[in-house]
Amino acid sequence: MPELPEVETVRRGLAPHLDGARIEALELNRADLRFPFPPDLARRVSGRRVLTLGRRAKYLLIPLDSGETLILHLGMSGRMIVERGDEAGTMADFHHDVTRLPQHDHVIFRLEGGTRVVFNDPRRFGSLDLWSSDRLDDAPSLATLGIEPLGNALHPEALAALLAGRRTPMKAALLDQRLIAGLGNIYVCEALHRARISPTRPAGALKRREIGALVVAIRDVLAEAIDAGGSTLRDFRHEDGSLGYFQHAFRVYDREGEPCPTPGCRGIVRRLVQSGRSTFHCLECQR
DNA sequence: CTCAGCTCCTGCGGGC
DNA sequence: TGCCCGCAGGAGCTGA
């Protein structure tokens with residue numbers, strides 16, 4: 001479920017609680033999520049202190065003072081919930097979070113001071129791995145990732161090289177984490193709409209100026225989503241201590257049948273299925 | 001190498 | 001109201 005902006009929002013929300021904190025115990029309520037947990041995971045994490053939270057694409061990175069880093073993926077339905085203990089040792093109120101079922105609390109970080117950070121994931125498409133911090137790029141989940149869409153690595157020349165010669169539709173190319181790492185179904189739809197590029201266009205057929213527009217669109221849509229996430233984060237923390245999703249004004253995603261929001265465009269947002277997944281786009285202004 | 005299709009799992013909303 | 005079906009924001013694997 002979460003794409004790069006949501007993971008970044010989770011990172012920012014967790015950092016005040018986890019940066020520098022000592023993990024008294026890592027509690028595992030099962031032996032696996034999408035993959036088996038690494039050997040002796042609880043023992044290798046318990047008692048360690050967290051350095052500074054990081055992120056790579058859709059992965060949350062939790063470096064420890066042991067020289068190893070936790071690599072956490074939220075999958076489709078994963079969430080991180082902060083439960084702060086008060087002076088009396090009770091948990092913070094989180095009953096507003098009606099859909100959270102305790103049987104999906106798979107991993108619990110028990111921190112010094114009584115705070116608990118809970119990794120809840122109903123569909124269990126998430127993952128948790130532990131890898132040597134100085135060889136993090138070799139971790140199986142990170143080794144094949146492409147460039148970060150925020151920052152300097154994404155520029156028109158780089159994207160042109162990635163797309164050159166590919167006949168796959170643009171929708172699939174942007175979803176491919178080996179090219180650009182961090183986009184998911186929503187932001188691919190949104191970025192292509194902003195850049196006015198059809199999701200069915202063969203990737204290698206894009207013109208230079210279209211690639212330039214796409215770079216801008218990707219950066220803008222991700223940055224705006226992160227900003228929106230940051231603004232809702234404060235509410236989340238004060239309300240119920242949970243972190244995770246936020247409302248974002250999508251222009252085309254899940255808006256089938258609505259008027260195209262592009263200024264001056266008379267089109268209607270359409271839905272099509274590409275490699276089994278919904279694409280939302282406008283036939284009029286996306287070419 | 002590239003690419004399409006299948007698969008893991010649970011929850012929820014729409015339609016009847 | 002209740003039941004069934006389809007669909008969901010990810011991504012690794014298989015096989016052509």
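Each chain gets a letter, A, B and so on, in the order its sequence line appears, and its residues count up from 1. What you see is a predicted model; the values in this text were computed from it and never measured.
Rounded to a whole Å, the CD atom of A/Gln103 is 6 Å from the P atom of B/dG11. The separation between A/Arg100 atom CZ and B/dG11 atom C1' is 16 Å, rounded to whole Å. A/Leu74 has its CG atom 22 Å from the P atom of B/dC8, to the nearest Å. For the pair A/Ile71 CD1 and C/dG12 P, the interatomic distance rounds to 12 Å; values are reported in whole Å. When the P atom of B/dC8 is taken as reference, atom CG of A/Leu33 falls 17 Å away, rounded to whole Å. Between the C1' atom of B/dG5 and the CG atom of A/Leu175 lies a distance of 15 Å, rounded to the nearest Å. Residue A/Arg166 contributes atom CZ, which lies 9 Å from atom C1' of B/dC1 at whole-angstrom precision. When the C1' atom of B/dT10 is taken as reference, atom CG of A/Asn120 falls 11 Å away, rounded to whole Å.
With DNA chain C read from its 5' end, the first of the two nearest nucleotides for A/Pro140 and A/Phe280 is the one closest to A/Phe280.
Looking at A/Ile226 and A/Leu4, their side chains come closer than 4.5 Å, going by heavy atoms from C-beta outward. You'll find the side chain of A/Gln274 reaches within 4.5 Å of the side chain of A/Pro169, heavy atoms only.
Remark: side-chain polar atoms of A/Ser133 are paired, donor with acceptor, to backbone N or O of A/Gly67 under 3.5 angstrom. Judged purely by atom type and a 3.5 angstrom limit, A/His106 uses its side chain to pair as donor or acceptor with the backbone of A/Asp121.
Nucleic acid contact class of A/Pro202 (heavy atoms, under 4.0 Å, all strands): none. Within the nucleic acid shown, A/Gly276 has no heavy atom closer than 4.0 Å to any nucleic acid atom. Using a 4.0 Å heavy-atom cutoff across all strands shown, A/Arg34 reaches at least one base atom of the nucleic acid.
If you check C/dA11 for Watson-Crick or wobble pairing at under 3.5 angstrom, you find it paired to B/dT7. Pairing of C/dA16, defined by two Watson-Crick or G-U wobble distances under 3.5 Å, is identified with B/dT2.
For the P atoms, the distance from B/dG5 to C/dC7 is 16 Å, rounded to whole Å. When the P atom is used for both B/dC9 and C/dC3, the distance is 25 Å, rounded to whole Å.
Of the side-chain N and O atoms in A/Lys58, none sit less than 4.0 angstrom from OP1 or OP2 of C/dG9. A sub-4.0 Å separation between OP1 or OP2 of B/dG11 and a side-chain N or O of A/Ser77 is absent. Residue A/Arg277 places at least one side-chain N or O under 4.0 Å from the OP1 or OP2 atom of C/dG10. The side chain of A/Arg124 contributes an N or O atom lying less than 4.0 Å from OP1 or OP2 of B/dT10. Contact check, A/His104 against B/dT10: no side-chain N or O comes under 4.0 Å of OP1 or OP2. Dashed line: the shortest gap from a side-chain N or O of A/Tyr253 to OP1 or OP2 of C/dG9 is under 4.0 Å. At C/dA8, one or more side-chain N or O atoms of A/Ser278 fall inside 4.0 Å of OP1 or OP2 (strictly under the cut-off).
By the criterion of a centre-to-centre distance under 5.5 Å and near-parallel planes under 30°, the ring of A/Phe125 forms a stack with the base of C/dG10.
Under 3.5 Å, the side chain of A/Arg123 and the base of C/dA8 form at least one donor-acceptor pair of N or O atoms.
Remark: A/Leu74 CG to A/Met80 CE distance equals 7.0 Å, nearest 0.5 Å.
Tested against A/Trp131 for a side chain to side chain contact (heavy atoms under 4.5 Å, CB included), the candidates A/Thr69, A/Asp137, A/Ile71, A/Leu142 yield a single pass: A/Ile71.
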